[in-house]
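All values below come from the heavy atoms of this structure, side chains included, with hydrogens, waters and symmetry mates left out. The chains referred to below are lettered A, B, ... by the order of the sequence lines, with proteins before strands, and numbering in each begins at 1. Fair warning: this is a prediction, and the values are worked out from it, not measured in the lab.
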Amino acid sequence: MTPSAFKCPANRPTDSNAMRLSRYFLPILRETPKEAEIVSHRLMLRAGMIRQESAGIYAFLPLGLRVLNKINAIVREEQNRAGAIELLMPTIQSADLWRESGRYDDYGKEMLRIRDRHERDMLYGPTNEEMITEIFRAYVRSYRDLPLNLYHIQWKFRDEVRPRFGVMRGREFLMKDAYSFDLDEAGARHSYNRMFTAYLRTFARMGLKAIPMRADTGPIGGDLSHEFIVLASTGESQVFCHRDFLDRSAPPADIDFEDRATMQGVFDSWTAHYAATEEMHDAEKFAALPAAAQVSARGIEVGHIFYFGTKYSEPMRAVVNGPDGRETPVHMGSYGIGPSRLAAAIIEASHDEAGMIWPRAVAPFEVGLANLKVGDAATDAACADLYEKLGRAGVDVLYDDRDERPGAKFATLDLIGLPWQAIVGPKGLAEGRIELKNRRSGERLSLSPEEAFNKLREVDA
RNA sequence: CGGGGUAUGGCGCAGCCUGGUAGCGCAUCUGCUUUGGGAGCAGAGGGUCGCAGGUUCGAAUCCUGCUGCCCCGACCA
């Protein structure tokens, strides 16, 4: 965000990086709604991030939307870095497309089927393989236009029998889905490896340890597939993996996504060790690992990638002319990340008794500024000064300027889990100090206002 | 889709068995005091008790039907 984004002290613009809590819409709940079973659902409701509108269907309130937008921004950066190109497809699709691939009948009741005023069969897209294939075949004729990887971030609808756990398993959910097109299997595997690498980076940037695990291909079909699993004690499925995964770092940003050997190297090294979900678990292989290396834990699926060859390109006639002049169906893969689920997964992986603990990269605001005595001239002035400076410096700051007691402000800030709390009160100011509290470590720094400002503007702080 | 619950003010709940004109805590509003870990006192507002029928002089309460939501299981980004 550029400094010029900070120009309206009254906080009218919704895209402002600086916000006064007294002017914001943050409906905090003091009590936990009874329907919320898991911690992320409870905290998202309590912190006013989401509101349920129907079973498995949620509105994202301002704080929740800020998180979603930050997740999306990281997803976009990493998709673009890996060479994928963003477009946007509609949520509503024609049934005819799905009849071409044969999935209209196969998909079952999970697909929300709609009829329009002309009695045409439509559907709310649960995924977009058919549509992207239709777009591809309409324009691409030559192998020279390959490889191609197109993605979008769009709402999906899957009419789950029993939605639960808030946005973790909703019926309507946001999904980043990418689709790769290549001339042959070798090219397709390279595309797969690029997305594999991009996913490692994407999740790592959100503070998550996501482990790629060999997966069942399910209804999407194909013969190569990995799920990316985040370890969290409240995860939905049982997973098994080698301990080495726990302290590996993701590939660097400047890794060469174009180079096949480099990408294959990433894939090979991240798939060398045992890692499997319960469905794919091989107890014997797992038992063969040294006891100290055996990790058995709960996990949340935050991404899933597939290579499925010509499963859609053949029936839907997505073909290109090869170097030999002959038409050949393209080899495809698809790659999904659920940003709305990720928001919940990050909370599952990072919270404590008092509330959420956001990694800075996805925090709704980076700093919570607490004015402990609204109405005290010196305190008000010190807060206003720090607020404006942080805003101008492009730091996302939420200024709690409500006329509340300190305890209420601390509780609110702990709940919404902003990485830093800047605590400004008359006692500290009398000695020229304000306090910075690190939400995750609990560490407290007593600093001059200037030092505090410098500390908070550090990107990695 | 099978099984089990539940529906009363914004949230959490009591009242229902044994029908008699709706209550508590939190939140909200006003005033005063208070201000470094969810303040105190005083006052106030807000509910056709999920919907539709039925029984009854009278229904939140009893009966019938419907709907929403939640939980357990089978299925899933």
Nearest-Å distance for atom pair CG/C1', residues Leu372(A) and G37(B): 10 Å
Scan Glu236(A) against the nucleic acid and name what it touches under 4.0 Å (heavy atoms): base, sugar-phosphate only, or nothing. nothing
Base, sugar-phosphate alone, or nothing: which one does Ser340(A) contact when heavy atoms must sit under 4.0 Å apart? nothing
Output the single nucleotide from C75(B), G36(B), A77(B) whose closest atom is nearest the side chain of Arg444(A). G36(B)
Between the side-chain atoms of Arg402(A) and the base atoms of G38(B), is any donor-acceptor pair under 3.5 Å? no
Paired to A7(B) by Watson-Crick or G-U wobble criteria (both distances under 3.5 Å) is U67(B)
Testing the 3.5 Å rule here: is there a donor-acceptor pair between the side chains of Glu130(A) and Ser101(A)? yes
Select from Ser54(A) and Arg164(A) the residue whose nearest nucleotide in RNA chain B is closer to the 5' end of that strand. Ser54(A)
Consider only side-chain N and O atoms of His331(A) and Ser313(A), and report whether a donor and an acceptor are under 3.5 Å apart. no
Answer yes if the side chains of Asn438(A) and Gln421(A) hold a donor-acceptor pair under 3.5 Å, and no otherwise. no
Between the protein and nucleotides 22-32 of chain B, list the N/O to N/O atom pairs that are separated by less than 3.5 angstrom.
| from | atom 1 | to | atom 2 | distance (Å) |
| --- | --- | --- | --- | --- |
| G25(B) | N2 | Glu31(A) | OE2 | 2.9 |
| A27(B) | OP1 | Arg30(A) | NH1 | 3.2 |

Check the side chains of Tyr151(A) and Asp177(A) for a donor-acceptor pair under 3.5 angstrom, ignoring hydrogens and angles. no
Between G68(B) (C1') and Arg171(A) (CZ): distance, integer Å: 12 Å
Please give the distance between the C1' atoms of C41(B) and G5(B) as a whole number of Å. 42 Å
Considering only atom P, compute the distance from U33(B) to G20(B) and round it to an integer number of Å. 46 Å
Do Arg298(A) and Gln238(A) have a side chain donor and acceptor closer than 3.5 Å? yes
Once you apply the 3.5 Å cut-off to both distances, tell me the Watson-Crick or G-U wobble partner of G23(B), or none. C13(B)
Closest of G12(B), C71(B), A77(B) to the Glu35(A) side chain is G12(B)
Give the rounded distance in Å between these two atoms: CD1 of Ile57(A) and P of C69(B). 8 Å
Watson-Crick or G-U wobble partner for G73(B), using a 3.5 Å limit on both distances? C1(B)
Rounded interatomic separation in angstrom, taking CG from Asp106(A) and P from C75(B): 18 Å
Taking the side chain as C-beta and beyond, is there a heavy-atom pair between Tyr335(A) and Ser180(A) under 4.5 Å? yes
In whole angstrom, what separates Leu45(A)'s CG from G12(B)'s C1'? 14 Å
Under 4.0 angstrom, heavy atoms only, what part of the nucleic acid is Lys176(A) near: base, sugar-phosphate, or nothing? nothing
Suppose you measure atom P in A27(B) against the same atom in A74(B); what distance do you get, rounded to whole Å? 42 Å
If we take the C1' atom in both C70(B) and G47(B), what is their distance in whole Å? 23 Å
Any base atoms under 4.0 Å from Arg46(A), or only sugar-phosphate, or nothing? Heavy atoms, all strands. base
Do Phe410(A) and the base of G38(B) stack face to face, with centres under 5.5 Å apart and an angle between planes under 30°? no
Test of understanding: with side chain to side chain donor-acceptor pair (under 3.5 Å), list the residues that count as partners of Arg205(A), not counting sequence neighbours. Glu77(A), Glu78(A)
Whole-angstrom distance between C63(B) and U55(B), as gauged at atom C1': 7 Å
If you look at every strand shown and take non-hydrogen atoms under 4.0 Å, does Gly108(A) touch a base, only sugar-phosphate, or nothing? nothing
For the residue pair Val374(A) and Thr379(A), establish whether any side-chain heavy-atom pair is separated by less than 4.5 Å. no
Pro33(A) has a side chain; which of A77(B), G12(B), C72(B) sits nearest to it? G12(B)
Interatomic distance at P, G12(B) relative to C69(B), whole Å: 16 Å
If pairing means Watson-Crick or G-U wobble with both distances under 3.5 Å, then the partner of G31(B) is C41(B)
Partners meeting side-chain contact (heavy atoms from CB on, under 4.5 Å) with Leu88(A) (sequence neighbours left out): His152(A), Gln154(A)
Considering only the C1' atoms, how many Å lie between C16(B) and A60(B), rounded to the nearest integer? 7 Å
Looking for any heavy atom pair under 4.0 Å, which part of the strands does Gly303(A) touch: base, sugar-phosphate only, or nothing? nothing
Which part of the nucleic acid does Asp177(A) contact within heavy-atom distance under 4.0 Å: base, sugar-phosphate only, or nothing? nothing
If the threshold is 4.0 Å, N to carboxylate O, is there a salt bridge linking Asp396(A) and Arg66(A)? yes
Residues forming a ring-ring contact (aromatic ring centres under 6.0 Å, His included) with Phe196(A), sequence neighbours excluded: His226(A), Phe228(A), Phe267(A)
How many whole angstroms separate atom CD of Glu110(A) from atom P of A77(B)? 8 Å
Of the listed nucleotides (A77(B), G38(B), U34(B)), which one gets closest to any side-chain atom of Met175(A)? A77(B)
By ring-ring contact (aromatic ring centres under 6.0 Å, His included), Tyr124(A) pairs with (sequence neighbours left out) Phe157(A)
Can Ser334(A) and Glu129(A) be said to form a side-chain hydrogen bond (donor to acceptor under 3.5 Å, both in side chains), step by step? CA-CA 8 Å; Ser334(A) 75; Glu129(A) 278 84 5; 3.1 Å; yes
Between Gly170(A) and Val374(A), just flag the one whose closest nucleotide in RNA chain B comes earlier from the 5' side. Val374(A)
Does G68(B) have OP1 or OP2 under 4.0 Å away from a side-chain N or O of Gln52(A)? no
Enumerate all atom pairs, one protein N or O and one N or O from nucleotides 1-8 of chain B, separated by less than 3.5 Å.
| from | atom 1 | to | atom 2 | distance (Å) |
| --- | --- | --- | --- | --- |
| C1(B) | OP1 | Lys109(A) | NZ | 2.7 |

Could you measure between the two C1' atoms, the one in A14(B) and the one in U8(B), and give it in whole Å? 10 Å
Among U35(B), G36(B), G38(B), the one nearest any side-chain atom of Lys427(A) is G36(B)
Find the partner of A60(B): check Watson-Crick (N1-N3 plus N6-O4 or O6-N4) and G-U wobble (N1-O2, O6-N3) distances, both under 3.5 Å, and reply none if neither fits. none
From NZ of Lys373(A) across to C1' of U34(B) the rounded distance in Å is 9 Å
I need the CG-C1' distance between Asp159(A) and A77(B), as an integer number of Å. 15 Å
